[in-house]
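Ligands are counted one by one from 1 in listed order, and the atoms in each one are counted from 1 as well. Note that the structure is a prediction, hence the values are computed from the model and not measured.
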Amino acid sequence: MTETVLITGANGGLGRLMRPRLAQPGRTLRLLDLVQPEPGGPGEDVEVIEASVTDEAAMRTACAGADAVIHLGGISVESPWAGILANNIDGTRVVMEAARDAGVRRVVLASSNHAVGFYEMAEAPEGGLPADLFPRPDTYYGVSKVAVEALGSLFHERYGIDVSCLRIGSCFEKPWDPRSLWTWMSPDDGARLFEACLATSEPGFRTIWGISRNTRNWWSLEAGEAIGYHPKDDSEVFAAEILEGWTEVDLAVPEQRLVGGKFCTGPLGRDQNS
Ligand code: NAI
Ligand code: 15L
């Protein structure tokens, strides 16, 4: 039997990294984005949909026959409130309702470290900050991720949908600065994490840090390991190259000791690049 996995926001950075890694024999990847993802190549079992997660009718169609939804679509950095509210918060409500109505039993939600950005290194117990920390968002973007998690919890409690909320650190090809040496999740570990979420045996609700097995980690891997996420990569292989030209990590600097880094001190509600 073929398994169908709907991925929203599939044309974004993370979606593009995951597309080849989540391809499996017997699995159809249904890729949805505002900007239509590239159609499948030869031998690639892929369907593409150009739509917004805020479009109720389109999401009903997209969820029909899906076994699982990986919800990545939305604004991925700090932005004005109206867009965050529409795309991230209301968009996730639309995704969850469509998944429920289509009988989808499993949803993986891209949350973010910015849901809990104001925790700091000194607060980390031995073994690292647990993944189920009470929210301390650092931006309107972070608030939206708290809401994403709350919607996941609601739909788990009411309808028994299995929901994994991933408090992702930084999932890119490589780390690039001192902070990313502990926030990094390699693309291969990202795929391992999504696979673990797609394979949970009991319906539940959980929050998990999305990070690799980095030497410099101070966020705990325990919640991920409980569902079989065993990361293999370590950002330390890039450390010498990255730290060249930087002074060592300076904990007097808030951006270097807070979970959310620069998001904690940047302008609230303004596009990150403006
Ligand atoms: P991205 O900005 O590269 O991609 C987001 C994608 O969502 C884009 O292709 C965009 O067109 C699409 N999108 C935006 N609004 C949409 C809507 N209304 N309907 C359908 N599609 C829409 O972001 P990235 O890095 O790929 O992140 C994916 C998800 O993971 C986001 O939810 C982000 O908040 C979350 N995340 C990513 C992290 C990372 O390190 N890449 C870290 C923490 C969280
Ligand atoms: C996020 O939530 C963003 O989506 C991503 O672009 C990175 O900025 C990441 O957090 C991070 O904290 O490095």
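- Without hydrogens or angle criteria, D67 side chain to R105 main chain gives no donor-acceptor distance under 3.5 Å.
- R30 and T4 form no side-chain donor-acceptor contact under 3.5 Å, judged by distance and modelled atom types alone.
- Looking at V69 and V95, their side chains come closer than 4.5 Å, going by heavy atoms from C-beta outward.
- In this structure, V259 is not a member of the same hydrophobic cluster as F118, with clusters built from ILVMFWY side-chain heavy atoms closer than 4.5 Å.
- Which parts of ligand 1 touch Y141 is read off a 4.0 Å heavy-atom cut-off, strictly below it: atoms 33 (C), 34 (O), 36 (N), 44 (C).
- In terms of protein heavy-atom proximity, atom 3 (C) of ligand 2 is nearest to S76 O, 3.1 Å.
- In A51, the part holding a heavy atom less than 4.0 Å from any atom of ligand 1 is the backbone.
- Between E241 and K174, at least one side-chain nitrogen of the basic residue sits less than 4.0 Å from a carboxylate oxygen of the acidic one, meeting the salt-bridge criterion.
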Item to check | Residues D233, S186; criterion side-chain hydrogen bond (donor to acceptor under 3.5 Å, both in side chains); working and verdict | outcome: CA-CA 7 Å; D233 295 322; S186 73; 2.5 Å; yes
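- For E97 and R93, the salt-bridge test passes: some basic side-chain N is under 4.0 Å from an acidic carboxylate O.
- In this structure, D45 does not pair ionically with R27, as no charged nitrogen and carboxylate oxygen lie closer than 4.0 Å.
- The N/O atoms of G12, backbone and side chain alike, include one that comes under 3.5 Å of an N/O atom in ligand 1.
- Taking every heavy atom of R179 and a limit of under 4.0 angstrom, the matching atoms of ligand 2 come to 11 (C), 12 (O), 13 (O).
- Taking a cut-off of under 4.0 Å to the non-hydrogen atoms of S170, the atoms of ligand 2 that pass are 11 (C), 13 (O).
- In the vicinity of S112, heavy-atom distances shorter than 4.0 Å reach the ligand 2 atoms 1 (C), 2 (O).
- Residue-ligand proximity, F172 to ligand 2, at heavy-atom distances under 4.0 Å covers atoms 6 (O).
- Using cut-offs of 30° and 60° for the angle between ring planes, the F172 and W176 rings count as perpendicular.
- By the 4.0 Å heavy-atom criterion, T183 is excluded from the residues contacting ligand 2.
- Remark: ligand 1 atoms within the under-4.0 Å shell around heavy atoms of A110 are 29 (C), 30 (O), 32 (O), 35 (C).
- Atom 10 (C) of ligand 1 has as its closest protein heavy atom D33 OD1, 3.5 Å.
- Each of the atoms 8 (O) of ligand 2 lies under 4.0 Å from some heavy atom of F263.
- When only interatomic distances are considered, the shortest N/O to N/O separation between L32 and ligand 1 does not fall below 3.5 Å.
- For atom 39 (C) of ligand 1, the nearest protein heavy atom (residue, atom name, distance) is C171 N, 3.6 Å.
- Of all protein heavy atoms, the one closest to atom 1 (P) of ligand 1 is S76 OG, 3.6 Å.
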Next on the checklist: Would R19 and E44 count as a side chain to side chain contact (heavy atoms under 4.5 Å, CB included) here? Give the steps.
Outcome noted: CA-CA 10 Å; R19 175 175 177 163; E44 214 191 353; 2.9 Å; yes
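- The nearest protein atom to atom 25 (O) of ligand 1, hydrogens excluded, is given as L14 N, 4.0 Å; this is a heavy-atom distance.
- For the residue pair T54/D90, the side-chain donor-acceptor check at 3.5 Å is not satisfied.
- For atom 7 (O) of ligand 1, the closest non-hydrogen atom of the protein is G74 N, 3.4 Å.
- The contact set between ligand 1 and F172, taken as ligand atoms under 4.0 Å from a residue heavy atom, comprises 40 (O), 41 (N).
- For S111, every heavy-atom contact with ligand 1 shorter than 4.0 Å involves the backbone, none the side chain.
- Given atom 29 (C) of ligand 1, the protein heavy atom at minimum distance is L72 O, 3.2 Å.
- Protein heavy atom closest to atom 12 (O) of ligand 2, with residue, atom name and distance, is H114 NE2, 2.7 Å.
- When N87, N88, T92 are checked for heavy-atom proximity to atom 18 (N) of ligand 1, N87 turns out nearest.
- H114 and T139 share no side-chain donor-acceptor pair at under 3.5 Å.
- For N113, every heavy-atom contact with ligand 2 shorter than 4.0 Å involves the side chain, none the backbone.
- In H114, neither the side chain nor the backbone holds a heavy atom less than 4.0 Å from any atom of ligand 1.
- Of all atoms in ligand 1, listed by their number and element, those nearer than 4.0 Å to a heavy atom of S170 are 40 (O).
- For the pair R192 and E225, the salt-bridge criterion is not met [side-chain N within less than 4.0 Å of a carboxylate O].
- The shortest N/O to N/O separation between Y141 and ligand 2 falls below 3.5 Å.
- Nearest protein neighbour of atom 19 (N) of ligand 1, counting heavy atoms only, is V53 N, 2.9 Å.
- Cluster membership check: V163 does not share its hydrophobic cluster with I227, using side-chain heavy-atom separations under 4.5 Å among Ile, Leu, Val, Met, Phe, Trp and Tyr.
- Residue, atom and distance of the protein heavy atom nearest to atom 17 (C) of ligand 1 are L34 CG, 3.6 Å.
- You'll find the side chain of Q24 reaches within 4.5 Å of the side chain of E195, heavy atoms only.
- A heavy-atom separation below 4.0 Å is not found between K145 and ligand 2.
- Less than 4.0 angstrom separates some heavy atom of G169 from each of these atoms of ligand 2: 9 (C), 10 (O), 11 (C), 12 (O), 13 (O).
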